[in-house]
Protein chains: 2
Amino acid sequence: MAVTLKDIANACGVSYSTVSKALKNSPLVTAETTERIQQKAKEMNYIPNNSARSLVSNKSQTIGLIWPSVDRVAVSTLVSEINNFLKNTGYFMSVSIDDVETAAHKFLELRFDGIIVFDEGEASTLPSIISSNIPVVAYGTDRELEYPIVNVNHKQAMILSLDDLMQNNITNICYIGDLNTDDIRQIIKKETFERYCKEHNLEYNMIDSKGLSAEDTFFALKSYLTNHTLPEGIICGSYDITLGLVHTLKDSLDQHIVYSYDNVPQFDHMDTVIHSVGVPTKKIAETLVNILINAIESKENHPDVYHLEPELVKRK
Amino acid sequence: MAVTLKDIANACGVSYSTVSKALKNSPLVTAETTERIQQKAKEMNYIPNNSARSLVSNKSQTIGLIWPSVDRVAVSTLVSEINNFLKNTGYFMSVSIDDVETAAHKFLELRFDGIIVFDEGEASTLPSIISSNIPVVAYGTDRELEYPIVNVNHKQAMILSLDDLMQNNITNICYIGDLNTDDIRQIIKKETFERYCKEHNLEYNMIDSKGLSAEDTFFALKSYLTNHTLPEGIICGSYDITLGLVHTLKDSLDQHIVYSYDNVPQFDHMDTVIHSVGVPTKKIAETLVNILINAIESKENHPDVYHLEPELVKRK
DNA sequence: TTGTATGCGTTATCAA
DNA sequence: TTGATAACGCATACAA
């Protein structure tokens with residue numbers, strides 16, 4: 001069926017081990033035979049068999065990304081960036097949207113070289129049988145794991161935006177976020193906001209977006225605004241929540257100063273001025289990839305926690 | 001490193017070929033030895049090596065999905081559905097967000113069993129070297145390809161909604177869609193709308209959403225509405241465009257009758273009544289999977305075009 | 001510089 | 001019922 005090294009060897013009148021070397025540009029083969037063999041290989045549409053390669057070399061040059069929640073827009077940017085960084089490092093990225101355990105198990109069967117997990121909480125912990133067999137890195141929330149985890153200092157992000165608001169003498173502010181949840185990340189945002197406002201005697205209130213999507217926020221705000229108004233300073237708990245706010249306020253948005261979590265590139269192309277606070281998507285992607293590649297190549301996997309410090313990006 | 005059949009064989013005092021059979025529940029092995037071996041395998045955390053399996057059996061039990069545009073929300077539902085159908089058929093789905101050619105080539109190297117391509121136009125055609133080596137099915141637009149393609153009868157969808165509008169005696173209507181594009185799907189919608197309106201003497205106009213995203217639509221409509229109003233009947237060219245309309249009109253939406261392309265489940269959970277026209281996501285997913293699995297198992301791949309007929313779903 | 005031989009983990013065929 | 005063995009496609013150590 002498919003063309004093998006043997007076929008090329010026959011066509012060139014050499015042995016298949018010579019072909020193997022030639023295709024890898026080994027210095028052990030003459031330049032001219034290498035040339036001739038590569039020519040023929042292309043001509044015959046040779047496609048290397050990764051299964052065979054992987055069997056002997058124990059390397060597949062591909063890493064698996066576990067992404068059970070495909071529908072979150074903010075995350076898709078991160079996925080793209082990770083793909084770019086991996087490609088530059090010579091790895092192929094294979095995404096699974098299965099649940100964490102199913103996907104990880106299959107990745108092990110496929111003998112992938114490493115795994116990146118989007119950690120959404122307790123349900124997404126990898127059993128140690130898996131993490132002890134393959135380098136793993138997670139992106140998500142603060143927890144003690146047997147493999148490294150990268151996350152964002154959400155507390156510091158909140159403080160950054162509040163400090164900036166105070167420097168602009170804006171003392172009447174609100175936070176829009178998902179208030180009734182057991183997602184530890186959302187809880188940290190809410191609690192930091194409240195504590196910091198109290199400490200600095202700021203006039204504040206909190207509005208429940210009743211979910212994490214732009215949709216949820218849109219409808220929550222629409223109902224809230226029937227008998228309330230929004231203060232001058234607004235802090236939104238995520239990119240999607242900010243989208244919901246933008247859709248709701250439309251033209252009157254310029255009467256507010258808005259800060260949003262998630263430093264995604266989308267903010268640069270928006271009509272309205274939104275300041276953002278968070279770790280740039282590229283930075284997160286780069287960190288994840290570096291940790292994983294390091295673990296793969298050094299054969300070590302330290303269960304460290306990497307806290308990425310957020311930056312405040314002011315616009316216009 | 002990893003546990004192999006040999007390790008289990010040693011631990012059980014049998015040969016590794018017996019282990020191989022036992023793990024596959026072969027009738028050639030006694031029930032009791034099978035039991036003992038399977039017990040031991042689990043105890044030792046045996047994970048089969050897919051590379052080795054694939055090498056001898058020429059089957060990897062995984063199919064690749066090529067999805068270069070990760071950020072389209074409407075599509076992510078389809079991706080989930082495809083994953084579900086594949087899982088039921090015993091296949092694992094691996095997604096690549098690389099460009100079509102890179103991804104397909106890697107899938108071939110990995111000896112996956114089949115490929116699903118989201119065909120976004122000319123740039124996403126697979127070279128015949130690839131499609132002749134592995135079963136392929138595409139979802140997308142009308143084109144002559146060397147592999148089967150599944151698509152939606154967009155013309156019929158438009159006619160369905162226009163007919164329904166006329167039956168409700170609504171003769172003042174507009175179409176909101178991406179008007180300046182060479183995407184053949186958008187052109188079909190636009191042209192069908194215009195021709196059918198003329199034929200039936202309907203009062204109509206067309207509004208350019210200037211893109212396919214909810215964002216684009218939102219801003220296009222905002223500017224349009226400064227010196228125009230919308231007629232009673234509205235047809236939107238896609239789910240995302242409808243979202244843009246919803247965000248723009250907010251409360252005044254109930255003064256209109258809205259039809260939207262894309263029969264996605266999201267419409268069922270919306271606050272506002274939107275009728276939708278299109279092929280249900282499940283139906284599309286099922287069709288794609290069936291065609292592909294058939295091609296894989298019959299070793300045949302007919303370059304047919306599958307036109308899926310849309311349905312009109314009226315709500316509330 | 002090129003060719004030969006071995007082994008990677010598995011399945012499947014055959015012999016015991 | 002179980003075990004030995006060849007083969008899958010490739011990389012590599014070693015022999016020529």
Side-chain angles (χ1 to χ4, degrees), chain A residues 1-38 40-41 44-62 105-113 133-134, chain B residues 1-38 40-41 44-62 105-113 133-134:
Chain A
M1 191 68 215
V3 178
T4 71
L5 291 186
K6 230 177 195 165
D7 299 325
I8 303 174
N10 287 338
C12 292
V14 295
S15 83
Y16 68 87
S17 81
T18 305
V19 176
S20 173
K21 290 170 206 154
L23 291 182
K24 298 193 118 50
N25 286 310
S26 163
L28 298 176
V29 183
T30 335
E32 51 177 344
T33 46
T34 296
E35 173 66 22
R36 188 163 52 97
I37 289 174
Q38 292 190 348
K40 202 69 176 177
M44 299 174 72
N45 290 312
Y46 170 70
I47 294 171
N49 186 326
N50 233 294
S51 299
R53 271 194 184 161
S54 158
L55 194 56
V56 34
S57 69
N58 260 314
K59 292 274 301 166
S60 60
Q61 288 295 75
T62 115
H105 203 272
K106 187 70 187 189
F107 285 161
L108 264 187
E109 291 188 6
L110 288 167
R111 293 302 188 267
F112 283 177
D113 297 331
N133 266 298
I134 182 174
Chain B
M1 191 70 213
V3 178
T4 71
L5 292 185
K6 231 175 195 167
D7 299 326
I8 303 174
N10 286 338
C12 291
V14 294
S15 82
Y16 67 87
S17 78
T18 304
V19 176
S20 173
K21 289 169 206 152
L23 292 182
K24 298 194 119 49
N25 285 311
S26 162
L28 299 176
V29 184
T30 334
E32 51 178 344
T33 47
T34 296
E35 172 66 24
R36 188 163 52 96
I37 290 173
Q38 292 190 346
K40 201 70 176 177
M44 299 174 73
N45 289 313
Y46 169 71
I47 294 171
N49 186 327
N50 235 293
S51 299
R53 270 196 184 160
S54 158
L55 193 57
V56 35
S57 68
N58 260 314
K59 291 275 301 167
S60 60
Q61 290 294 49
T62 115
H105 202 271
K106 188 69 187 190
F107 286 163
L108 265 187
E109 290 187 8
L110 289 167
R111 294 300 189 269
F112 283 178
D113 297 332
N133 266 298
I134 182 173

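Here is how names work: the chains are called A, B, and so on, in the same order as the sequence lines, proteins then strands, and each is numbered from 1. What you see below is based on every heavy atom in this structure, not just the backbone, and it leaves out hydrogens, waters and symmetry mates. Just so it is clear, the structure is predicted and the values come from calculations on it, not from any experiment.
Listed by chain and residue number, nothing satisfies the salt bridge (charged side-chain N to carboxylate O under 4.0 Å, His left out) test with B:K21 (two or more places apart in sequence, or in another chain). Taking the side-chain contact (heavy atoms from CB on, under 4.5 Å) definition, one finds that B:R111 meets it with A:A2, A:I47, A:N49, A:S51, B:S54, sequence neighbours left out. Among residues two or more places apart in sequence or in another chain, the side-chain hydrogen bond (donor to acceptor under 3.5 Å, both in side chains) test is passed with B:Q38 by B:N25. Qualifying side-chain contact (heavy atoms from CB on, under 4.5 Å) partners for B:K6, counting only residues two or more places apart in sequence or in other chains: B:T4, B:Y16. For B:S15, the side-chain hydrogen bond (donor to acceptor under 3.5 Å, both in side chains) partners two or more places apart in sequence, or in a different chain, are B:S17, B:T18.
A:I37 has its CD1 atom 13 Å from the P atom of D:dA11, to the nearest Å.
Distance check, rounded to the nearest 0.5 Å: CD1 of B:I134 to CG of B:L108 gives 5.0 Å. A:F112 CZ to B:N50 CG: the interatomic distance, rounded to the nearest 0.5 Å, is 9.0 Å.
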Does B:L110 form a side-chain contact (heavy atoms from CB on, under 4.5 Å) with A:T62? I'd like the steps, not just the answer.
CA-CA 10 Å; B:L110 289 167; A:T62 115; 4.1 Å; yes
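The bend of the helix from C:dT1-D:dA16 to C:dA16-D:dT1, defined by the angle between the axes of its first five and last five pairs, stands at 50° to the nearest 10°.
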Any chance you could list the contact pattern along nucleotides 1-9 of chain C? Use B for base contacts, S for sugar-phosphate-only contacts and - for none, protein heavy atoms under 4.0 Å, 5' to 3'.
SBBB-BBBB
